[in-house]
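The structure under discussion appears below in the form of structure tokens.
Below, chains carry the letters A, B, ... as their sequence lines are ordered, and counting in each starts from 1. Owing to the predicted nature of the structure, the values given are computational and were not obtained by experimental measurement.
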2 protein chains.
Amino acid sequence: MSQMQNVERQLREMILGLEIGPGERLTERWIETRFGASRTPVRAALLRLETEGLISRDGRGWMVAPINLAELGQIAVYREAVEVAAVRLTAALEDRSGIDVIAAMLDSCDAETPREEWHRVGMDFHIELARLSGNEFLLRAVRDAMTRLSRARWLEVRDEAALGRAWAEHHAILAAVRSGDAEEAARLLSAHIAGSRDRLVTSLHDDRRGLRARGFAVVAA
Amino acid sequence: MSQMQNVERQLREMILGLEIGPGERLTERWIETRFGASRTPVRAALLRLETEGLISRDGRGWMVAPINLAELGQIAVYREAVEVAAVRLTAALEDRSGIDVIAAMLDSCDAETPREEWHRVGMDFHIELARLSGNEFLLRAVRDAMTRLSRARWLEVRDEAALGRAWAEHHAILAAVRSGDAEEAARLLSAHIAGSRDRLVTSLHDDRRGLRARGFAVVAA
DNA sequence: GATACCATTTTGGTATACCAAGCCGGTATC
DNA sequence: GATACCGGCTTGGTATACCAAAATGGTATC
């Protein structure tokens, strides 16, 4: 694999894994020495990650994109539009057997499963559901939205009950799609996204002092 | 303005203006000499334009993205989802006076207006309508979809009647949004997009031999 | 005439040197 | 002590040299 892809992948993982905090300043020289690559692949990685919304310009320089509560609300509206469109397409397909693969993915999580895995599966559920639609642009949009939400969701304080509720809602959505009931699937998915948004924004808003104490830039709504 | 932005802007204009045909191969060295910049800003421009969908990788190299009829259909589904979501938000706003600015923009076109201007206004209508929603992500999605559709729409064979019909449909959509009737606006917009897609794909499909004769790569649906 | 093979050229990937703009710290002045 | 100024240092922007891989074109072989 090329250096360019290596730097991009590793830097993305560091940002998503909050090893570099939201709002932190980045210099091309630091990344260069940190990953043992020259500035050319580093710049390519920065340009790509900027379009993913993980990195912002800070004057002339670079910074890890801050968490922006207003933006999280807008992303929820955006993902509702594209996810609902995707699920309607999928519910109208003749072959909806892909649903079962997603259901199996959900069921691979239990009480023993580490939190990190729950997080990943929670995102992949939405991405894989969008993939079933067969529309590359809806898929890309959902993947993009999930990437932008990832760090915020990781910071969200979620209790066991919330995880279980999300799990149940995911299964209910799959059941509606499996039965071909597009309207029901759309309704359930909309409610799921709205609830997810409310819990997320509330949690981060309540926690914003603690998050800032950890050095994370959190922009209020 | 920096060289990076210059190269990006000029190259984008050449691609969108079909001065470089869909499917044409690009080399970094050619762009370098063509725009009098070095490879660093050239690579930055290529990376950005790749994310816009105007440039694709061709093996190890680069090419201007071909026109893909199947992709055009998928983009129509995508833009319907986001544009309808945006227009529903806008119809629910208290202050919908931005509508009048868009109406004035439409009215600035008449029989004397050059075709190029009709084309630009036809795209800007959808972009500005999405902007009124206030949602940055819906706006970005519509802008992205329009960029990807731009060359195909320019190649489309459109008669005077089709232009007039689109103009009337645009005004009808605005009227529905102005009156706050979200459902009617959504219905009109969906129909407009579906019709636009059908005419576009049909026109390009019928013309695909002629387009290929002009050296344009057109991938069938 | 078709094809397999080799030398040459071209091309993207990478590393690095140089530059100007901007940031930062120190200092002189009031 | 506050402030305005100045000089060095850091940083992104740019140009360019070098490399390996892939494309290219010519040639020998069948």
Side-chain angles (χ1 to χ4, degrees), chain A residues 1-16 19-66 68 212 215-217 219, chain B residues 1-16 19-66 68 212 215-217 219:
Chain A
M1 180 178 296
S2 69
Q3 284 283 35
M4 192 181 82
Q5 293 167 320
N6 250 321
V7 174
E8 183 184 338
R9 192 174 44 77
Q10 293 187 61
L11 189 54
R12 184 190 292 110
E13 279 176 19
M14 284 190 74
I15 294 173
L16 290 178
E19 297 173 53
I20 325 179
E24 209 162 314
R25 286 191 154 69
L26 288 174
T27 69
E28 298 185 355
R29 260 76 173 196
W30 180 84
I31 302 170
E32 187 181 14
T33 60
R34 175 69 178 73
F35 297 109
S38 74
R39 285 182 64 202
T40 311
V42 166
R43 302 207 71 204
L46 286 169
L47 288 171
R48 287 240 163 85
L49 292 173
E50 186 190 12
T51 70
E52 290 184 38
L54 297 182
I55 282 182
S56 315
R57 299 312 297 249
D58 173 35
R60 210 171 54 119
W62 304 93
M63 67 186 294
V64 177
N68 185 324
R212 292 207 181 101
F216 295 164
V219 180
Chain B
M1 181 177 294
S2 69
Q3 284 284 33
M4 192 179 84
Q5 292 167 319
N6 250 321
V7 174
E8 183 185 338
R9 191 174 44 78
Q10 293 188 60
L11 189 54
R12 185 189 292 110
E13 277 176 19
M14 284 191 74
I15 293 173
L16 289 178
E19 297 174 52
I20 324 177
E24 209 162 315
R25 299 178 78 106
L26 288 173
T27 68
E28 298 185 356
R29 258 78 174 197
W30 180 84
I31 303 170
E32 187 181 12
T33 60
R34 176 68 177 74
F35 298 109
S38 75
R39 287 182 63 203
T40 310
V42 166
R43 303 207 76 211
L46 286 169
L47 287 170
R48 286 241 164 83
L49 293 172
E50 186 191 12
T51 71
E52 289 184 37
L54 297 181
I55 282 182
S56 316
R57 299 313 296 248
D58 172 36
R60 210 172 53 120
W62 304 92
M63 66 186 294
V64 177
N68 185 324
R212 291 206 182 100
F216 295 164
V219 181

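- Across all strands, B/L26 comes closer than 4.0 Å only to sugar-phosphate atoms, never to a base (heavy-atom distances).
- Using a 4.0 Å heavy-atom criterion, one finds that A/A37 contacts the sugar-phosphate atoms exclusively.
- Contact of A/R29 with D/dG12 (side chain to base): a donor-acceptor pair of N or O atoms is detected under 3.5 Å.
- Comparing B/W62 and A/S38 along DNA chain C, the residue whose closest nucleotide (by nearest heavy atom) sits nearer the 5' end is B/W62.
- Taking CG of A/L11 as the reference point, atom CZ of A/R48 lies at 13.5 Å (rounded to 0.5 Å).
- For the pair A/F35 CZ and C/dA15 C1', the interatomic distance rounds to 18 Å; values are reported in whole Å.
- A 4.5 Å side-chain heavy-atom check between A/R25 and A/W30 finds every atom pair outside the cut-off.
- With DNA chain D read from its 5' end, the first of the two nearest nucleotides for B/R25 and B/R39 is the one closest to B/R39.
- Smallest separation of non-hydrogen atoms from B/R12 and B/L54: CG-CD1, 3.6 Å.
- Considering every non-hydrogen atom in both B/G21 and B/V64, the closest pair reads O-CB, 3.5 Å.
- Here C/dT14 presents its P atom at 11 Å from CG of B/L47, a figure rounded to the nearest Å.
- Here the P atom of nucleotide D/dT11 and the CH2 atom of A/W30 are 13 Å apart, to the nearest Å.
- When rounded to the nearest whole Å, the span between CD of A/E50 and C1' of D/dG12 equals 13 Å.
- When each of A/G36 and B/R60 is assigned the nucleotide of DNA chain C with its nearest heavy atom, B/R60 is the one assigned upstream, toward the 5' end.
- Within a 6.0 Å sphere centred on CZ of A/R57, heavy atoms belonging to other residues, nucleotides or ligands number more than 12.
- Among the protein residues, B/T27 comes within range of the sugar-phosphate backbone only, with heavy atoms under 4.0 Å from sugar or phosphate atoms but none that close to a base.
- One can place CD of A/E28 at 14 Å from C1' of C/dA15, the figure rounded to the nearest angstrom.
- Taking atom CZ of residue B/R43 and atom C1' of nucleotide D/dA15, one finds them 14 Å apart after rounding to whole Å.
- In this structure, CE of A/M63 is placed 13 Å from P of D/dG12, rounded to the nearest angstrom.
- To the nearest angstrom, C1' of D/dG12 lies 12 Å from CD1 of A/I31.
- Across all strands, A/R57 comes closer than 4.0 Å only to sugar-phosphate atoms, never to a base (heavy-atom distances).
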